[in-house]
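Below you'll find the structure, written out as structure tokens, and then a few comments.
In this text the structure is predicted, and so the values were computed from the model without any measurement. Only this structure's heavy atoms are used, side chains among them; waters, hydrogens and symmetry mates stay out.
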Amino acid sequence: MYSLTVRDHMMIAHSFKGAVFGPAQKLHGATFVVDLSFETEQLDDDNLVVDIGLASEALKAILQPLNYQNLDELPMFEGQNTTTEFLAKYIFDEMAEQMTAGKLGKQATAVKRLTVQLKESHVAWASYSGSLA
């Protein structure tokens with residue numbers, strides 16, 4: 001498999017519900033480094049997995065509405081614990097929609113798998129990986 005990864009970051013605030021979260025039940029901030037990898041079995045006619053520029057723009061567009069926001073206040077996350085794992089899946093779904101809408105060009109139709117990794121620090125991160133239909 002070939003892969004291409006683009007990176008961005010976002011700074012958010014949020015809190016969690018449930019004793020399992022201990023002090024994170026209080027409002028706190030996080031800065032996530034976001035890596036998004038595209039995988040395919042074959043390169044396109046230009047020897048690309050996807051266009052790096054288009055992939056970077058799409059990731060930036062997905063993160064922009066979350067950046068510098070208190071996620072507890074966003075209607076789309078109402079009632080959710082916006083854990084690192086949850087956010088990785090959210091970004092995965094949003095990128096899959098961008099690809100379906102043609103925002104990454106025709107070569108993106110050959111992408112078989114996406115992996116979204118959110119690094120919360122140098123010692124903790126989470127990811128979501130899945131196949132595309």
Side-chain angles (χ1 to χ4, degrees):
M1 292 288 265
Y2 294 95
S3 69
L4 172 85
T5 302
V6 294
R7 174 177 281 178
D8 206 330
H9 75 283
M10 66 177 171
M11 292 181 265
I12 58 94
H14 60 175
S15 62
F16 299 131
K17 291 176 179 46
V20 68
F21 294 105
Q25 292 176 84
K26 295 179 182 175
L27 185 65
H28 62 281
T31 299
F32 292 107
V33 173
V34 181
D35 290 327
L36 198 150
S37 298
F38 304 83
E39 294 181 34
T40 187
E41 294 172 350
Q42 295 183 42
L43 299 177
D44 73 1
D45 293 339
D46 296 311
N47 289 330
L48 296 172
V49 174
V50 294
D51 181 278
I52 290 173
L54 293 177
S56 295
E57 288 174 16
L59 180 56
K60 185 172 287 304
I62 290 165
L63 300 180
Q64 188 277 327
L66 309 180
N67 203 21
Y68 291 104
Q69 298 297 314
N70 178 349
L71 302 184
D72 298 346
E73 297 174 351
L74 297 180
M76 62 192 165
F77 297 140
E78 186 175 341
Q80 297 291 332
N81 279 324
T82 53
T83 62
T84 308
E85 300 90 337
F86 174 89
L87 292 172
K89 175 67 162 73
Y90 171 82
I91 294 166
F92 174 97
D93 290 341
E94 292 293 308
M95 183 57 75
E97 283 185 28
Q98 293 281 324
M99 293 169 69
T100 299
K103 303 280 178 150
L104 274 77
K106 66 179 169 94
Q107 70 268 30
T109 59
V111 171
K112 300 290 185 206
R113 185 170 199 80
L114 290 178
T115 300
V116 178
Q117 184 178 77
L118 274 69
K119 293 182 180 170
E120 201 168 343
S121 73
H122 67 288
V123 296
W125 56 90
S127 63
Y128 181 84
S129 185
S131 298
L132 299 173

Worksheet item: Quick one: does Asn81's side chain have a donor or acceptor within less than 3.5 Å of a partner on Lys17's backbone?
Response: yes

Discussion item. Grouping I, L, V, M, F, W and Y whenever their side-chain heavy atoms are under 4.5 Å apart, do Leu132 and Leu48 come out in a common cluster?
Written reply: no

Item to complete: Search all heavy atoms of Val50 against all heavy atoms of Ala55 and return the closest pair with its distance.
Response: CG2-CB, 4.0 Å

Worksheet item: About how many Å separate OG1 of Thr31 and CD of Glu120, when rounded to the nearest 0.5 Å?
Response: 9.5 Å

Item to complete: May I ask you to test the Leu118-Met10 pair for a side-chain heavy-atom distance under 4.5 Å?
Response: yes

Worksheet entry | Rounded distance (nearest 0.5 Å) linking atom OG of Ser15 with atom CD of Gln25 | 9.0 Å

Worksheet item: So how far is it from Ser129 OG to Lys89 NZ, rounded to the nearest 0.5 Å?
Response: 11.5 Å

Worksheet item: Tell me, do Asp46 and Asp51 make a side-chain contact under 4.5 Å, heavy atoms counted?
Response: no

Item to complete: Work out which heavy atom in Ala126 is nearest to a heavy atom in Glu85; give both atom names and the distance.
Response: CB-CG, 3.8 Å

Worksheet item: Does Leu59 share a hydrophobic cluster with Met99, counting links as ILVMFWY side-chain heavy atoms below 4.5 Å and allowing steps through other members?
Response: yes

Worksheet item: Taking Asp35 for the side chain and Gln117 for the main chain, is one N or O donor matched with an acceptor at less than 3.5 Å?
Response: no

Worksheet item: Do Val33 and Ile91 belong to the same hydrophobic cluster, where Ile, Leu, Val, Met, Phe, Trp and Tyr are linked whenever their side-chain heavy atoms lie under 4.5 Å apart, directly or via other members?
Response: no

Worksheet, complete the sentence: To the nearest 0.5 Å, atom CE of Met11 lies from atom CG of Asn67 at 5.5 Å

Worksheet item: Is there side-chain contact between Leu66 and Met76, with at least one heavy-atom pair below 4.5 Å?
Response: yes

Discussion item. Side chains of Lys106 and Asp44, heavy atoms from C-beta outward: is any pair under 4.5 Å?
Written reply: no

Item to complete: Taking the side chain as every heavy atom from C-beta outward, state whether Ile62 and Gln98 have any atom pair closer than 4.5 Å.
Response: yes

Worksheet item: What pair of heavy atoms forms the shortest contact from Gly105 to Leu54, and how long is it?
Response: N-CD1, 4.1 Å

Worksheet entry | Flag side-chain contact, heavy atom, 4.5 Å: Ser3 against Glu39 | yes

Discussion item. Is it the case that atom CD in Gln42 sees more than 12 heavy atoms from other parts of the structure closer than 6.0 Å?
Written reply: no

Discussion item. Hydrophobic clusters here meaning ILVMFWY residues chained together by side-chain heavy-atom distances under 4.5 Å, can you tell me if Leu63 and Leu104 are in one?
Written reply: yes

Worksheet, complete the sentence: Between Leu74 and Gln69 the two heavy atoms that sit nearest each other are CD2-OE1, 4.1 Å

Worksheet item: Taking C-beta and beyond as the side chain, do Val49 and Leu43 meet within less than 4.5 Å on heavy atoms?
Response: yes

Discussion item. I'd like to check His9 versus Phe32 (side-chain heavy atoms, cut-off strictly below 4.5 Å). Are they in contact?
Written reply: no

Worksheet item: Distance from Leu4 atom CG to Ser56 atom OG, nearest 0.5 Å?
Response: 8.0 Å

Worksheet, complete the sentence: Shortest non-hydrogen pair, Ala13 vs Leu27, comes out as CB-CD1, 4.1 Å

Discussion item. Counting neighbours of OH on Tyr2 that are heavy atoms of other residues, nucleotides or ligands and sit closer than 6.0 Å, is the number greater than 12?
Written reply: no

Worksheet item: Which pairs, with at least one residue in residues 88-108 and sequence neighbours excluded, count as a ring-ring contact (aromatic ring centres under 6.0 Å, His included)?
Response: Phe77-Tyr90, Phe92-Tyr128

Worksheet item: Which heavy atom in His14 sits nearest to a heavy atom in Asn70, and how many Å separate them?
Response: CA-OD1, 4.0 Å

Worksheet item: Quick one: which of Ile52, Thr5, Val6 gives a side chain to side chain contact (heavy atoms under 4.5 Å, CB included) with Phe38?
Response: Val6

